[in-house]
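Presented below is the structure to which this report refers.
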Amino acid sequence: MTALLSNKGALVLGAAGLGAPALLALASAGVGRLVIADDDALQTSDLAGQPLLGEGDLGARRAEAAARRLRLLFPATEVVPLGRRLGEASALEAARSLDLVVDGSDDLATQFLANDVAVSAGKPLVHGGVIRFTAQVLTVLPGRTGCLRCLFEAPPPPREFPTSAEAGVFGPLAGFVGGLMGAEAVRVLSGKPAWYGGRLLIYESRRARSRAVTVRTRQGCPVCRG
């Protein structure tokens, strides 16, 4: 699998609770190029549940800290940190140059941006989210499955819903879901069927209950139907 993945690349949005374990899974599988987009500095709250960064990285930019760690562990992987928030044009350019997008961001605007540029670029998207004790994972396969906008036409108005940082996150759940996202991304890059392709997995950790919602292409979706 390593030889196959050495020519593959992924854009990863976010390098904290979800993005960090996803990055570790991608690099350990032998993915050849990883581009990390994250404009925040590492805080203590970012450390819970993720295996990549530690206390010695506190205060550093998460993208740069994650890149340093990955280069140390996996010198054959090219890691490019982008310590800034991507706009639509720059995100689309990055997505087009790579093979897959992993969205581990923690705000709705970035999640919809990741969805839109991945579909526009024709690249698979592995989306994940965690808030409090609930998590979700979805893989969008452009032209084959629905996307986030097929479920929700647009993100809600700002401040209507809290971000995961504001509401709090059960740290071990974030690490678990980030690992699932990384494993799913490796499967897709390897040409294997996606576990969560067109299926939104929702997991409630307190009751250990899960359900899957089929995500079909919605007539009139501004992204899928363009």
- So Thr145 and Val215, side-chain contact (heavy atoms from CB on, under 4.5 Å) or not? Walk me through it. CA-CA 7 Å; Thr145 73; Val215 183; 6.0 Å; no
- Message: Between Ser105 and Asp103, is the side-chain hydrogen bond (donor to acceptor under 3.5 Å, both in side chains) condition met? List the steps.
- Response: CA-CA 6 Å; Ser105 61; Asp103 175 26; 2.6 Å; yes
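In terms of hydrophobic clustering, with Ile, Leu, Val, Met, Phe, Trp and Tyr side chains grouped at heavy-atom distances under 4.5 Å, Leu98 and Leu92 are assigned to different clusters. Under a hydrophobic clustering in which Ile, Leu, Val, Met, Phe, Trp and Tyr are joined whenever their side-chain heavy atoms come within less than 4.5 Å, directly or via other members, Leu100 and Val117 fall into different clusters. Under the 4.5 Å side-chain heavy-atom criterion for Ile, Leu, Val, Met, Phe, Trp and Tyr, Val35 and Leu125 are members of the same hydrophobic cluster.
Rounding to the nearest 0.5 angstrom, the gap separating the CZ atom in Arg199 from the CG atom in Leu138 is 10.0 Å. We find the CZ-CD1 distance between Arg62 and Ile36 to be 11.5 Å, quoted to the nearest 0.5 Å. Between the CG atom of Asp99 and the NZ atom of Lys8 there is a distance of 5.0 Å, given to the nearest 0.5 Å. Note that the CG atom of Asn115 and the NE2 atom of His127 stand 8.5 Å from one another [nearest 0.5 Å]. Interatomic distance, CG of Leu52 versus CG of Leu73, reported as 7.0 Å (0.5 Å rounding). The distance from atom CG of Leu58 to atom CG of Leu47, rounded to the nearest 0.5 Å, is 5.0 Å.
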Could you go through residues 172-188 and list every donor-acceptor pair under 3.5 Å that involves a side-chain atom there, pairing it with any protein atom two or more places apart or in another chain?
from: Glu184; atom 1: OE1; to: Trp195; atom 2: N; distance (Å): 2.9
from: Glu184; atom 1: OE2; to: Thr139; atom 2: OG1; distance (Å): 2.6
from: Glu184; atom 1: OE2; to: Trp195; atom 2: N; distance (Å): 3.2
from: Glu184; atom 1: OE2; to: Tyr196; atom 2: N; distance (Å): 2.8
from: Arg187; atom 1: NE; to: Pro193; atom 2: O; distance (Å): 3.0
from: Arg187; atom 1: NH2; to: Pro193; atom 2: O; distance (Å): 3.0

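Across all their heavy atoms, Leu70 and Leu34 have their closest contact at CD1-CD1, 4.4 Å.
Residue pairs meeting the side-chain hydrogen bond (donor to acceptor under 3.5 Å, both in side chains) criterion with at least one partner in residues 205-217, sequence neighbours excluded, are Glu204-Arg206.
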